[in-house]
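Below is one structure, written out as C-alpha cells; comments come after it.
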Amino acid sequence: MAQKYFGAIMVNVSGVELLIVNLKTRKTIERITKEINLSDDIYHDRRVQYEIVSKVAEALTGFVQILHDYGVENYELWGSQALSQAINADFIADQLFMHTGLEIRWLSMSEEAYYRNQDLSLSFKDSKKVSHGIVYLVGITSGNTSITQFDDGKFVTSTNFALGPIKIAEDLQSLRQSAPNSIGVLNDYIDSKLNDFDMGKPASFVKKPDPTKIFLLGTSPIKSLISHYEKDHSLMSIDVNAFEALVDDIVDASDQYLIEQLEVNEDSVPLILPELLLIRRVIQLTNAKEIRFSDSGIVDGLVNNEAVTLGYSKDDFTHQTITMAVNLADHYDVEPIHRDLVTRFAMHLFDQLKPLHLLGPRERVLLQVASILHDVGNYVGIHEHYIHSEYIIRHSDIIGLSRIERSIIAAVARYHSSTTPSEDLSHFSQISAENRRLIAKLAAILRLADALDDDRQQKIKKISVSIKTHSVVITVYSNANLAYENWIFNSKSQFFKEAYGLKAVLKQRGVKD
C-alpha cells in the first residue's frame, strides 16, 4: 500500500492506542484504545508484572494484525516517559520486541507535550475565535503535567512538571491520616510543585491581566464526570465558576456517589479529586475564565510529524523548540547580539557544508539550539563556562527534544570552546559511535562560527563558504582589523580539520561603503 498510510502506536501506563491515518488526506482510517493498568506497579516502584506485559504484547500483536489487514507497512511504536521509568523498562521493551517485532522508542516529557499539543495547535490556524488572546493547553497524565502557553495562536512557552493525579492521590491518602485539614495542605503541596512555572518566575507570572482560556487535553474521565454532573453529554466547555462549584461538591462526595451518579470507573475514583485540585490550581495560576475539552493526544502529533517528514504537510512545529531555546538563553542572560550572530554563521556554515557532513534538517535544528545555548554557562561562571553550559542544557526542559537529542546538544555546547572530544575521551566514550560522529561534526561548525565573533565586537557581518579539494575557504566581509579573529580562528579550526579532514581557511574581503 502507498506510503501515505501511517500507523502510530502508543503504549503508556494506562494502556495502548493505535491510530491509522491517510497522511495525504488526514483522514482517520482506524483509532483503537485498549485500557491496561500499568501505573500501580510503576508509581509504587515495583517491577511491572509479567502478566501485564503479556497483555500489552497481546494487544500490540492485535494492532499489528490490523495494520497488516489494512495493508499499512509504515508504522512505529512509542512509549511514554512514565513507562520508561519502570524498574524493568528494558525488560518490557525486550519482551514487546520478541512478541511483536516492534522496537519501542521512549518519549521524553517535552516530546509528549510537543506531540500532544499539535492537533489542537493546528485548529488555531483555522479559528481566530478559538485562538484569540492567551490560551493554555494543559495535558495531565498519571504522573506528569504539561502547560503550554499561546498568545493569539502564537506559541509562547511550555513547561512540564513531574506531578500527576497518582502522586497527589498517594500524598492525599497519607495526609488524611495525619493532617486535620488534608485538602488545604494538599493545595499547598500542589502550589509548591507548580511554583516553578514559566522559567521559575513566581506564581503571578501571567503577563496580561486579561481572562484566559484553558484546553484540557486527553482528560476524558474528567470530561465524562463534568458532563454527568452538568447533565449535558455534548458538553465541550465549562466556565470557571461552575467548575469551582463542582470541585466543592466533589471534595465531600462519597465514592458511591462518584460511581453511581457520575459514572466514574471504580479504578479511577482515587484519582478524580487530585486531578480536579490540580486543574483548579492551574486555573488560578493562569487567570482562566473558561475550560474547554480536547481529545487531542500524542498519537495525533506523531501522525502529523510523519506527514511533515514525508512531505505531505508543512505544519512543522520545530519553531516551538527554537522559541524555547531562546527563552532559556534569555533566562540565563545570554548576550543576544553575539548569540544571534553566531547562530546565523553556524546555520550558514551547516547549509554550505552539506556535501561534507551529509546531515539533514533534524541535525540542523540540533545545531541551531546548541548555537543559541552555547554560552548559558556564563550565568554560573566564565571560567570553564562550557562545562556549566552542558550541565544546564542536560537538565533543562526544551519542548520537542528527546533525552538523547538534549544530550547531543549539551555535548556540542561543551565542545564549542577550548576542549575537544578527542581531548576528553573519558567523557566522550559514554556516547554511541554514531552520536560521537554527529557531535564532532556539529561542534566543529559551532567552533568556527563562535571564533568569528569571539571578542563580541561584531566586526564580521557576512560570510561565504567555498569547498576546495583540500580546504574549506571561509570568506569574511569586514573592513576592520581581524588580527585577533585570525588568531582565534586558526586555533579553533584545528578540530574542524580533525572532524572533516579538510583545513578551514579564513580570508578577508573589504566592504564597500
Side-chain angles (χ1 to χ4, degrees), residues 155 308-309 314 316-330 332 334-376 386 389 393 396 398-401 405-406 408-417 435 437-467 471-478 485 488-489 492-493 495-496 499-500 502 504-509 511:
F155 173 84
V308 171
T309 301
K314 294 182 179 180
D316 189 357
F317 288 87
T318 52
H319 65 276
Q320 295 185 2
T321 301
I322 303 305
T323 297
M324 282 300 297
V326 173
N327 290 350
L328 191 63
D330 289 341
Y332 287 104
V334 174
E335 202 284 307
I337 298 177
H338 172 74
R339 174 196 72 197
D340 294 345
L341 189 62
V342 169
T343 301
R344 181 157 59 86
F345 287 159
M347 295 299 94
H348 185 77
L349 287 166
F350 182 94
D351 294 339
Q352 297 304 309
L353 296 174
K354 191 169 184 178
L356 298 180
H357 58 61
L358 302 176
L359 300 175
R362 189 60 186 175
E363 290 79 12
R364 190 181 193 274
V365 171
L366 301 185
L367 176 60
Q368 187 173 359
V369 174
S371 301
I372 293 168
L373 297 176
H374 72 280
D375 275 344
V376 291
Y386 49 90
S389 292
I393 295 169
S396 293
I398 304 174
I399 192 169
L401 294 180
E405 287 177 331
R406 198 166 63 238
I408 290 170
I409 292 167
V412 172
R414 178 187 181 93
Y415 299 119
H416 87 273
S417 192
N435 286 335
R437 291 190 292 270
L438 173 59
I439 291 166
K441 289 179 178 180
L442 298 184
I445 292 175
L446 181 54
R447 286 169 73 89
L448 294 185
D450 189 51
L452 298 178
D453 192 45
D454 190 82
D455 62 359
R456 272 67 170 171
Q457 294 187 30
Q458 291 80 53
K459 297 176 186 176
I460 300 167
K461 305 294 184 183
K462 177 185 175 183
I463 66 172
S464 63
V465 181
S466 178
I467 302 175
S471 64
V472 171
V473 178
I474 300 173
T475 303
V476 299
Y477 296 83
S478 175
E485 282 73 16
I488 292 295
F489 185 89
K492 288 195 171 185
S493 65
F495 180 56
F496 182 87
Y500 286 90
L502 296 174
V505 178
L506 186 66
K507 289 190 175 182
Q508 181 177 1
R509 181 173 293 180
V511 181

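Predicted model only: the values in this text are computed from it and were never measured.
Side-chain atoms of Ser478 come within 3.5 Å of backbone N or O of Lys459 as a donor-acceptor pair.
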(request) Verify side chain to side chain contact (heavy atoms under 4.5 Å, CB included) between Val472 and Tyr500, making sure each step is shown before the conclusion. (result) CA-CA 10 Å; Val472 171; Tyr500 286 90; over 6 Å; no
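A salt bridge between Glu335 and Arg456 is absent, with no side-chain N of the basic residue lying under 4.0 Å from a carboxylate O of the acidic one.
Side-chain contact between Leu446 and Val342 is present, with heavy atoms from C-beta onward closer than 4.5 Å. Contact annotation: the side chain of His338 approaches that of Asp450 to within less than 4.5 Å [non-hydrogen atoms, C-beta and beyond]. Side-chain contact between Asp454 and Lys492: present, with at least one pair of heavy atoms (C-beta onward) separated by less than 4.5 Å. For the pair Glu405 and Arg362, the minimum side-chain heavy-atom distance is below 4.5 Å. For the pair Leu442 and Leu359, the minimum side-chain heavy-atom distance is below 4.5 Å. Side-chain contact between Glu485 and Leu452 is absent, with no heavy-atom pair separated by less than 4.5 Å. Proximity of Ile445 to Leu353: side-chain heavy atoms (C-beta onward) are separated by under 4.5 Å at one or more points. Taking 4.5 Å as the limit, some side-chain heavy atom of Val369 sits within range of a side-chain heavy atom of Leu373.
Of the inter-residue distances, the one linking Ser371 atom OG with Arg364 atom CZ reads 10.0 Å to the nearest 0.5 angstrom. Once rounded to the nearest 0.5 Å, the distance linking OG1 of Thr321 with CD1 of Ile399 reads 7.0 Å. With values rounded to the nearest 0.5 angstrom, Ile463 atom CD1 is found 6.0 Å from Ile474 atom CD1. Within the model, atoms CD1 of Ile488 and CG of Asp453 stand 11.5 Å from one another, a figure rounded to the nearest 0.5 Å. Ile398 contributes atom CD1, which lies 9.5 Å from atom CD1 of Ile322 (distance to the nearest 0.5 angstrom). In this structure, the separation between CZ on Phe350 and CD on Glu363 is 6.0 Å, given to the nearest 0.5 Å.
The heavy-atom pair separating Ser464 from Tyr477 by the smallest distance is OG-OH, 3.5 Å. The shortest heavy-atom contact between Ala346 and Leu367 is O-CD2, 3.8 Å. Ala443 approaches Phe495 most closely through the heavy-atom pair CB-CE2, 4.1 Å. The two residues Ala370 and Val412 come nearest to each other via the heavy atoms CB-CG1, 3.7 Å. Across Val376 and Ala329, no two heavy atoms sit closer than the pair CG1-CA, 4.2 Å. What you find for Phe496 and Leu502 is that their closest heavy atoms are CD2-O, 3.4 Å.
Evaluation of the salt bridge (Lys or Arg N to Asp or Glu O under 4.0 Å) rule for Arg339 yields Asp330 as partners, not counting sequence neighbours.
Of the residues Ile372, Ile439, Leu401, Val365, the one that meets the side chain to side chain contact (heavy atoms under 4.5 Å, CB included) test with Ile409 is Leu401.
More than 12 heavy atoms of other residues, nucleotides or ligands lie within 6.0 Å of NZ in Lys461, so this atom counts as buried by the packing criterion.
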